[in-house]
Chemist: 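My structure is below; once you've seen it, I'll send some questions.
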There are 2 protein chains.
Amino acid sequence: MASNFFSIQELAQETGISKDTLRIWERRYGFPLPQRGQHNERAYPAEQLEQLRLIKQLMDSGIRPGKLATLNLMQLQELAQEQQTAPPDDLAPLLELVARGQQRELRLQLESLLLQQGVKTFLIETVAPLNHAVGEAWFAGRIGVLDEHLFAEQLSGLLQGTLSGMRPDSETSRALLTTLPGEQHGIGLLMAACMLARGGVEPVLPGVQLPLEEIVRGATTQRCSIVGISCSSYMNRRTIATQLVRLRKLLPVSIELWVGGSGTNGLTALPRSIRIFSNLEQIGAALQQPDRFLGD
Amino acid sequence: MASNFFSIQELAQETGISKDTLRIWERRYGFPLPQRGQHNERAYPAEQLEQLRLIKQLMDSGIRPGKLATLNLMQLQELAQEQQTAPPDDLAPLLELVARGQQRELRLQLESLLLQQGVKTFLIETVAPLNHAVGEAWFAGRIGVLDEHLFAEQLSGLLQGTLSGMRPDSETSRALLTTLPGEQHGIGLLMAACMLARGGVEPVLPGVQLPLEEIVRGATTQRCSIVGISCSSYMNRRTIATQLVRLRKLLPVSIELWVGGSGTNGLTALPRSIRIFSNLEQIGAALQQPDRFLGD
DNA sequence: AATTATTTTTTGTCTAGGACAAAATATGGC
DNA sequence: GCCATATTTTGTCCTAGACAAAAAATAATT
């Protein structure tokens, strides 16, 4: 039984850490230190992939890789446990359904909750925390990638359905929602889109990974007064910041730039004309302020 | 006005050609030959990005990069034009709607066509060729990335809606449909899913980019007798072949492996236990043969 | 003591050029 | 024409050095 080894390319793809970075971590910290294949290529065992995922997660909470790379697996797990925020009790049954891959039952329960709570409450008190909890459970190894993906698909379908029932038919303000090139996670966009639609703004959703030039072109041709970008912590923070600043420069001043998602946490020194949202409520609040068209 | 330059990283992201490959092409063929930035980093002008896209497209039809890299833009365009297959006339009005970004009208027309033609004809004679034509039009610069994305979203929504109305409720054969890690295009999956659903097979759609181990786990836990993989020409052929062979080895022999998409065109020397579909009709045909459970 | 300016460390990405296997093509023998 | 053997083409990997931007630590100032 050939236990599985990963090439450096595969490891980079799975973790979102570039090949260059993987090599230099090995040089500097001695981790991840792979075996070598027949032709001297790096061959990473599955455990190192797991450990890297853990490290990536801890980095998102601000700990530096230099510290993390010197710790062993157990110490990392301790650290991770400290950080774990237990998911609210009422989400436990839903999480259970995700873990068991019972998509249909999950869908039904979510639909029922949506009706019960209404869009806003559903988004803020159910969808957002559940999505977060699923992400954490995946990191902790309590649910598999497959179940996480299936959950995301169910949620997308549900939110898209909700959206199509909410589209205002008259001429209203519009918002173009997308992610930066390289960012593949689009669930945040759908959540934001629902909040916006609820506030009378019509979302335009061209999917993920739109090149900056196309964002600008799209916002103009689609007559959007807002561009919304969702950033996960998958991408490197520096890249995110650079791209956002560049986008702000390309975009007409009359168009607002709104940014949200876990990838925006550690961002410092962005121009004030880029508006950062750290949760969904803030979107709702922003839509109610009449002064929201005063730029920087 | 600082005309836009791209870093090697951005170019790699946009074209799907790796940084290593870009550098070695420069070394060997002298193209793309970027300017240099303040710190000697490569800075690619937008025209080189365009030319690269063209080259990538021509490579998909079997021409070798060594030949292409020595040609100038005009020669490339000539070659491309030779290859262009004019889209069927009846698609022209739809393409026009895509190009103009008139999503709502497009959606209505597609829905009407779906009702008129029925699922199978709609998929084979409208969706597949239209999708192809949109891809070609994008390469040729006749429509923007934004419009292409918006089209894909509309189509996804429509097909997903169709699917949810087709799901068989009794216990039937199931198929897990996904893409390999690195492959982001999922439209093909939805088309295949519709064909399968129509043939009485229930599709399981966990989204794109599922790690091989998870595909195996998913196929087992979800009790699927078929695993379907869609490959676009975005990914390198060699990578595709390697991954497919690896997947076939990981997968129990009782589970069939079906593969389709433009990325499978030039694939040679795959084991016969991997079944390649070059169009949607073949899926329909395969579902009607009673001997389809005889593996290699 | 708190804030601001300056140095030091940390970190990720870039560069160059070399090596090599697998795929694709060309060449020779039958 | 067809099969086996060279030869070329191609993409990815390797090492090792450089450097700027961000973060942290230290010094200087109010």
Side-chain angles (χ1 to χ4, degrees), chain A residues 5-13 15-31 33-44 52 55-56 59-70 182 235-243 245-246 265-270, chain B residues 5-13 15-29 31 33-44 52 55-56 59-70 182 235-243 245 265-270:
Chain A
F5 285 94
F6 297 87
S7 74
I8 192 170
Q9 187 176 217
E10 291 165 322
L11 204 70
Q13 202 147 58
T15 61
I17 300 168
S18 78
K19 291 192 278 186
D20 274 325
T21 303
L22 286 171
R23 290 203 195 93
I24 209 142
W25 280 9
E26 178 181 339
R27 207 198 295 175
R28 286 188 185 143
Y29 317 126
F31 181 89
L33 188 57
Q35 298 187 245
R36 293 300 176 121
Q38 207 177 354
H39 309 293
N40 198 33
E41 354 80 80
R42 292 171 171 80
Y44 298 88
L52 263 185
I55 286 181
K56 186 110 204 287
M59 276 172 60
D60 289 337
S61 57
I63 309 178
R64 305 182 122 210
K67 309 260 176 194
L68 294 168
T70 60
M235 275 177 81
N236 182 307
R237 290 226 178 87
R238 204 182 298 177
T239 315
I240 294 176
T242 313
Q243 303 253 62
V245 170
R246 210 164 128 186
N265 282 343
L267 290 186
T268 56
L270 284 182
Chain B
F5 285 94
F6 298 87
S7 73
I8 192 170
Q9 188 177 214
E10 290 165 321
L11 205 70
Q13 203 146 59
T15 61
I17 301 169
S18 78
K19 292 193 279 186
D20 274 325
T21 303
L22 286 171
R23 289 202 197 94
I24 210 142
W25 281 8
E26 179 181 339
R27 205 199 297 175
R28 286 186 187 147
Y29 318 124
F31 182 88
L33 188 58
Q35 298 187 244
R36 294 301 177 122
Q38 209 177 355
H39 308 293
N40 197 35
E41 353 79 81
R42 292 170 171 82
Y44 298 88
L52 263 185
I55 287 181
K56 185 107 203 287
M59 276 172 59
D60 289 339
S61 57
I63 310 179
R64 303 182 127 213
K67 311 259 175 196
L68 295 167
T70 62
M235 274 178 80
N236 181 307
R237 292 228 174 88
R238 205 182 298 175
T239 316
I240 294 177
T242 315
Q243 302 254 64
V245 170
N265 281 344
L267 288 186
T268 55
L270 283 182

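Values reported hereafter were calculated over all heavy atoms of this structure, with side chains retained and with hydrogens, waters and symmetry mates removed. Keep in mind that this is a model prediction, so the values were computed, not measured.
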Chemist: Is R36(A) close enough to dT15(D) that one of its side-chain N or O atoms is under 4.0 Å from OP1 or OP2 there?
Modeler: yes
Chemist: Any idea which heavy atoms bring S18(B) and A12(B) closest together, and the distance?
Modeler: C-CB, 4.3 Å
Chemist: Is any side-chain N or O of Y29(B) closer than 4.0 Å to OP1 or OP2 of dT10(D)?
Modeler: yes
Chemist: Nearest whole angstrom, please: distance from the P of dG17(D) to the CZ of R28(A).
Modeler: 12 Å
Chemist: Output the rounded distance in Å from CG (L52(A)) to P (dG12(C)).
Modeler: 12 Å
Chemist: To the nearest Å, give me how far apart CZ (R238(B)) and P (dT9(D)) are.
Modeler: 15 Å
Chemist: Is a salt bridge present between E41(B) and K19(B), judged by a nitrogen-to-oxygen distance below 4.0 Å?
Modeler: no
Chemist: I want to check something: taking the side chain as every heavy atom from C-beta on, are T15(B) and F6(B) in contact at a cut-off of under 4.5 Å?
Modeler: no
Chemist: Taking Watson-Crick (N1-N3 plus N6-O4 or O6-N4) and G-U wobble (N1-O2, O6-N3), each under 3.5 Å, can you produce the dot-bracket string of DNA chain D? Use [ ] for crossing pairs and | for inter-strand ones.
Modeler: ||||||||||||||||||||||||||||||
Chemist: Mind calculating the distance between CG (N40(A)) and P (dT12(D)) to the nearest angstrom?
Modeler: 18 Å
Chemist: With a non-hydrogen cut-off below 4.0 angstrom, is R237(A) in contact with a base, only sugar-phosphate, or nothing?
Modeler: nothing
Chemist: Mind listing the residues from residues 16-26 of chain A sitting with a heavy atom below 4.0 Å of DNA chain C? Number order is fine.
Modeler: S18(A), D20(A), T21(A), I24(A), W25(A)
Chemist: If you compare all heavy atoms of W25(B) against all heavy atoms of F31(B), which two are closest, and at what distance to 0.1 Å?
Modeler: CB-O, 3.3 Å
Chemist: Tell me which nucleotide among dA22(D), dC13(D), dT10(D) gets nearest to the side chain of I8(A).
Modeler: dC13(D)
Chemist: Please determine whether a side-chain nitrogen or oxygen atom of R64(A) lies at a distance below 4.0 Å from atom OP1 or OP2 of dA23(D).
Modeler: no
Chemist: I need the CD-P distance between Q243(A) and dG12(C), as an integer number of Å.
Modeler: 17 Å
Chemist: Quick check: closest heavy atoms across A43(B) and F5(B), and the distance to 0.1 Å?
Modeler: O-CD2, 3.6 Å
Chemist: Would you indicate whether the side-chain heavy atoms of M59(A) and R64(A) approach each other to under 4.5 Å?
Modeler: no
Chemist: Would you mind reading off the distance between Y44(B) atom OH and dC14(C) atom C1', rounded to a whole angstrom?
Modeler: 11 Å
Chemist: Starting at the 5' end of DNA chain D, which residue's closest nucleotide do you reach first, R42(A) or K67(A)?
Modeler: R42(A)
Chemist: Any chance you could measure Q243(A), atom CD, to T239(A), atom OG1, to the nearest 0.5 Å?
Modeler: 7.0 Å
Chemist: Write down the atom of M235(B), the atom of G182(B), and the distance for their closest heavy-atom approach.
Modeler: SD-C, 3.9 Å
Chemist: Calculate the interatomic distance between I240(A) atom CD1 and dG12(C) atom P; express it in whole Å.
Modeler: 14 Å
Chemist: Please give, in whole Å, the distance from dA23(C) P to M59(B) CE?
Modeler: 15 Å
Chemist: Measure the spacing between NZ of K67(B) and CD1 of I55(B) and express it to the nearest 0.5 Å.
Modeler: 14.5 Å
Chemist: Closest-nucleotide mapping onto DNA chain D: is R27(A) or Q9(A) further toward the 5' terminus? I mean the 5' end.
Modeler: Q9(A)
Chemist: Please give me the minimum heavy-atom distance between Y44(B) and L22(B), naming the atom from each residue.
Modeler: OH-CB, 4.2 Å
Chemist: Taking 4.0 Å as the cut-off, does a side-chain nitrogen or oxygen of H39(B) come that near to OP1 or OP2 on dA20(D)?
Modeler: yes
Chemist: If the cut-off is 4.0 Å, is N236(A) near the phosphate of dT13(C), judged by side-chain N/O to OP1 or OP2?
Modeler: yes
